[in-house]
Amino acid sequence: MTRRRRTRVLAVVFAAGLSCCALAWAGSQGGEADGPRAITSEEAGRLAMARFHVYENGPHRVTLKIDDGRDSYEVRGLIDYRKHRAVGSYAAGEPGPKQQKGLIAWDNSGLAVATEAKGTSPSSKTAEIARAAAKAPHGGWSPRAYAGYPLDIALRVVMALGADRPDNAQLLAQSGPRYLGESTLRGTSYARISGPRPKPQETKPQETKSQKEGAAGAGSASPATPQPRRTGLSPLTYWVDEDGELGRLEIRSGGVERPVTVDFTGHEGRVKVPVEPWGESPGGK
């Protein structure tokens with residue numbers, strides 16, 4: 001999938017399935033009392049590097065959590081943006097005998113689960129997860145295309161995140177990202193920045209016959225239609241450190257009250273995403 005295609009996937013996913021929160025939570029740091037503000041040129045430069053860094057410095061360890069107050073899901077695994085593939089262990093439900101566990105793999109086209117996989121748990125290390133995925137029989141994976149579930153949306157957004165070059169910081173700053181505040185995660189300070197927002201399509205109102213005649217009689221064109229403005233906040237919030245490294249991605253999804261969190265917990269240089277189950281694409285294509 002090309003960089004332009006991945007960007008288009010993000011836009012399509014949100015247009016189809018995500019609803020944006022109107023406000024971010026108030027920060028506790030000084031200078032945040034007035035709420036979200038436009039990002040500075042320095043913050044735009046950091047945000048412009050975030051997607052490139054996850055691509056360039058991979059594979060990455062990731063932990064994805066969904067908790068809508070009723071059900072909870074956790075995926076812990078490894079993603080390789082150069083290969084556009086990821087594997088992980090998943091746990092659905094609260095810890096206990098009814099909790100469902102297994103392996104999950106996903107790429108640009110869909111996902112696959114192996115419910116009978118042995119040797120993994122929600123706390124498994126990425127090396128253990130990769131070994132278990134490599135050993136799972138090919139017929140033990142159940143592939144399907146992405147659907148509109150919160151987990152599917154989150155996995156698809158995460159897979160489309162990496163970019164093989166930095167974004168244009170100047171254009172990025174003009175596309176609506178907002179600075180939300182500072183937070184500390186795993187001992188590192190991060191700026192929380194809501195992502196770019198698509199510009200509404202310009203719609204030109206139709207002129208009545210009398211308006212057209214009046215404009216012609218005056219010898220001038222009709223008044224220009226005001227340019228549409230971006231409103232609200234992006235469903236995505238990037239946690240970016242001073243070097244442009246991404247520590248967390250938050251995804252606000254329709255049907256889930258709390259943001260989905262995706263933590264990028266470090267580079268994994270010695271572990272590779274295994275070949276299985278890609279004898280056939282997880283999405284079944």
Side-chain angles (χ1 to χ4, degrees), residues 1-2 5-6 9 12-13 16-17 54-55 58-68 71-162 251 253 256 260 262-265 268-285:
M1 179 180 286
T2 64
R5 171 61 178 163
R6 289 194 298 273
V9 165
V12 170
V13 168
V54 296
Y55 176 92
H60 274 278
R61 296 189 298 272
V62 294
T63 300
L64 184 153
K65 293 183 179 180
I66 300 176
D67 186 354
D68 64 0
D71 299 313
S72 62
Y73 302 88
E74 179 174 345
V75 175
R76 186 185 300 265
L78 184 69
I79 186 167
D80 188 332
Y81 284 106
R82 295 177 184 272
K83 294 182 177 180
H84 310 296
R85 293 176 174 179
V87 294
S89 64
Y90 75 88
E94 297 299 322
K98 294 185 178 181
Q99 186 181 54
Q100 299 179 9
K101 303 176 185 178
L103 292 172
I104 187 167
W106 71 101
D107 62 11
N108 291 324
S109 62
L111 60 92
V113 295
T115 57
E116 301 299 324
K118 305 297 182 181
T120 60
S121 70
S123 60
S124 293
K125 296 181 179 179
T126 50
E128 297 170 340
I129 295 169
R131 283 196 297 269
K135 293 179 180 179
H138 188 74
W141 293 91
S142 299
R144 65 173 175 81
Y146 288 119
Y149 304 115
L151 178 62
D152 293 41
I153 293 172
L155 294 176
R156 192 177 184 185
V157 169
V158 171
M159 182 56 66
L161 183 65
I251 306 168
S253 173
V256 180
V260 176
V262 184
D263 284 354
F264 292 79
T265 58
E268 187 62 80
R270 294 180 295 179
V271 182
K272 307 294 183 182
V273 174
V275 174
E276 291 295 342
W278 283 278
E280 180 179 332
S281 172
K285 297 179 180 179

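Model, not experiment: these values are computed from the prediction.
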A side-chain contact here means heavy atoms from C-beta on lying under 4.5 Å apart; do Glu94 and Ser72 qualify?
yes

Parallel, tilted or perpendicular, judged at 30° and 60°: which one describes the rings of Phe264 and Tyr81?
parallel

Evaluate Ile129 against Leu78 for side chain to side chain contact (heavy atoms under 4.5 Å, CB included), listing each step before the verdict.
CA-CA 8 Å; Ile129 295 169; Leu78 184 69; over 6 Å; no

In Å, rounded to the nearest 0.5 Å, how long is the span from OG of Ser142 to CD1 of Ile104?
11.5 Å

Within this structure, what is the CG-NZ distance for the pair Leu103 and Lys135, rounded to the nearest 0.5 Å?
12.0 Å

Looking at side-chain heavy atoms only, is the closest gap between His60 and Ile79 below 4.5 Å?
yes

Rounded to the nearest 0.5 Å, how far does CD1 of Ile66 lie from CD1 of Ile153?
9.0 Å

Evaluate the criterion side chain to side chain contact (heavy atoms under 4.5 Å, CB included) for residue pair Asp152 and Arg144; output intermediate values, then yes/no.
CA-CA 10 Å; Asp152 293 41; Arg144 65 173 175 81; 2.5 Å; yes

For the atom pair CG (Asp107) and CZ (Arg156), what is the distance rounded to the nearest 0.5 Å?
11.0 Å

What residues form a side-chain hydrogen bond (donor to acceptor under 3.5 Å, both in side chains) with Asp80, not counting sequence neighbours?
none

CZ of Arg76 to CZ of Arg61: how many Å apart, nearest 0.5 Å?
10.5 Å

Treating Gln99 as the side-chain partner and Gly93 as the backbone partner, does any N or O pair qualify as donor plus acceptor under 3.5 Å?
yes

Could you state the interatomic distance from OG1 (Thr115) to CD (Gln100), rounded to the nearest 0.5 Å?
8.5 Å

Start with the C-alpha gap between Leu151 and Trp106, add the side-chain angles, then the distance that decides, and say whether side chain to side chain contact (heavy atoms under 4.5 Å, CB included) holds.
CA-CA 11 Å; Leu151 178 62; Trp106 71 101; over 6 Å; no

